[in-house]
Amino acid sequence: MENNQIIEQLKSIIKPYVNDAEAMSNLTESTDFITDLKINSANLVDIVLDVEEAFKIDIDNESMAKMLTVEATINIIKSKLHQQ
């Protein structure tokens with residue numbers, strides 16, 4: 001799965017948790033969920049659960065703690081998909 005495909009799926013997962021439309025429109029691999037998108041830690045957990053469901057993967061606590069940027073999230077998703 002290509003990064004741009006993952007980003008498109010991530011956008012639809014993240015969108016309900018972001019109030020800043022401009023920040024969403026500028027989403028790139030370097031986007032930080034907390035700093036750039038102002039997503040709180042409780043919503044990050046919801047996003048991780050949504051990612052697990054959307055990509056049909058299991059994300060362990062260690063990986064979840066690293067999912068702070070779009071790039072890190074893409075890398076974890078690709079890693080988990082590769083393990084299947």
Side-chain angles (χ1 to χ4, degrees):
M1 185 172 258
E2 296 295 321
N3 286 11
N4 58 348
Q5 292 173 300
I6 294 173
I7 287 174
E8 287 308 309
Q9 278 191 268
L10 280 176
K11 282 182 181 179
S12 64
I13 292 169
I14 297 165
K15 190 175 183 177
Y17 304 101
V18 179
N19 293 325
D20 186 343
E22 185 179 342
M24 267 307 290
S25 67
N26 294 325
L27 188 128
T28 66
E29 288 188 26
S30 62
T31 299
D32 184 288
F33 293 129
I34 296 170
T35 308
D36 300 326
L37 300 179
K38 311 287 189 266
I39 296 173
N40 65 39
S41 56
N43 286 341
L44 273 178
V45 172
D46 292 332
I47 289 170
V48 169
L49 296 173
D50 293 345
V51 166
E52 285 183 318
E53 186 177 319
F55 292 94
K56 298 180 179 22
I57 56 175
D58 290 320
I59 298 173
D60 54 85
N61 289 340
E62 184 180 331
S63 296
M64 187 183 338
K66 296 176 185 173
M67 292 175 65
L68 299 176
T69 65
V70 172
E71 181 179 25
T73 302
I74 290 169
N75 291 337
I76 289 165
I77 291 169
K78 288 174 96 170
S79 168
K80 299 297 180 184
L81 288 172
H82 188 264
Q83 291 173 6
Q84 291 180 338

(request) Grab the two heavy atoms, one from Met64 and one from Val48, that are nearest each other, plus how far apart they are. (result) CG-CG2, 3.6 Å
(message) Using 0.5 Å steps for rounding, measure from the OG1 atom of Thr31 to the CG atom of Leu68.
(response) 13.0 Å
(message) side chain to side chain contact (heavy atoms under 4.5 Å, CB included) for Ile77 and Leu10? Distances and angles first, verdict last.
(response) CA-CA 10 Å; Ile77 291 169; Leu10 280 176; 4.1 Å; yes
(request) To the nearest 0.5 angstrom, please state how far the OG1 atom of Thr73 sits from the CD1 atom of Ile59. (result) 8.0 Å
(message) Evaluate Lys78 against Asn3 for side chain to side chain contact (heavy atoms under 4.5 Å, CB included), listing each step before the verdict.
(response) CA-CA 9 Å; Lys78 288 174 96 170; Asn3 286 11; 2.7 Å; yes
(request) Step through the shown structure and confirm whether more than 12 heavy atoms of other residues, nucleotides or ligands are within 6.0 Å of CD on Gln83. (result) yes
(request) Could you tell me the separation between the CG atom of Leu27 and the CD atom of Glu22, rounded to the nearest 0.5 Å? (result) 13.0 Å
(request) Check Ile76 against Ser63 and note the closest heavy-atom contact, atom names and distance. (result) CD1-O, 3.2 Å
(message) Using every non-hydrogen atom in the two residues, find where Ser30 and Asp36 come nearest and quote the distance to one decimal.
(response) O-OD2, 3.9 Å
(message) Please determine whether the number of non-hydrogen atoms from other residues, nucleotides or ligands lying under 6.0 Å from atom CG of Asn19 exceeds 12.
(response) no
(request) Indicate yes or no: at least one non-hydrogen side-chain atom of Leu81 is less than 4.5 angstrom from one of Ile57. (result) yes
(message) On a heavy-atom basis, which atom in Phe55 and which in Met1 lie closest, and how many Å separate them?
(response) CE2-SD, 3.7 Å
(message) For the CD atom of Glu29 and the CD1 atom of Ile7, what is their distance to the nearest 0.5 Å?
(response) 4.5 Å
(request) Measure the spacing between NZ of Lys15 and CG of Leu37 and express it to the nearest 0.5 Å. (result) 13.0 Å
(request) Find the distance between OH (Tyr17) and CD1 (Ile39) and round it off to the nearest 0.5 Å. (result) 9.0 Å
(request) Any chance you could lay out the side chain to side chain contact (heavy atoms under 4.5 Å, CB included) test for Ile14 and Met24, step after step, and finish with the verdict? (result) CA-CA 9 Å; Ile14 297 165; Met24 267 307 290; 4.0 Å; yes
(message) Using only atom types and a distance under 3.5 Å, with no angle test, would you say the side chain of Asn43 pairs donor to acceptor with the backbone of Asp46?
(response) no
(message) Using a 3.5 Å distance criterion without hydrogens, assess whether the side chain of Gln84 forms a donor-acceptor pair with backbone atoms of Lys56.
(response) yes
(request) Would you mind checking if Lys66 and Asp60 are paired as a salt bridge, meaning a charged N to carboxylate O distance below 4.0 Å? (result) no
(message) Does atom CD (Gln5) have a neighbourhood of more than 12 heavy atoms from anything else shown, all under 6.0 Å?
(response) yes
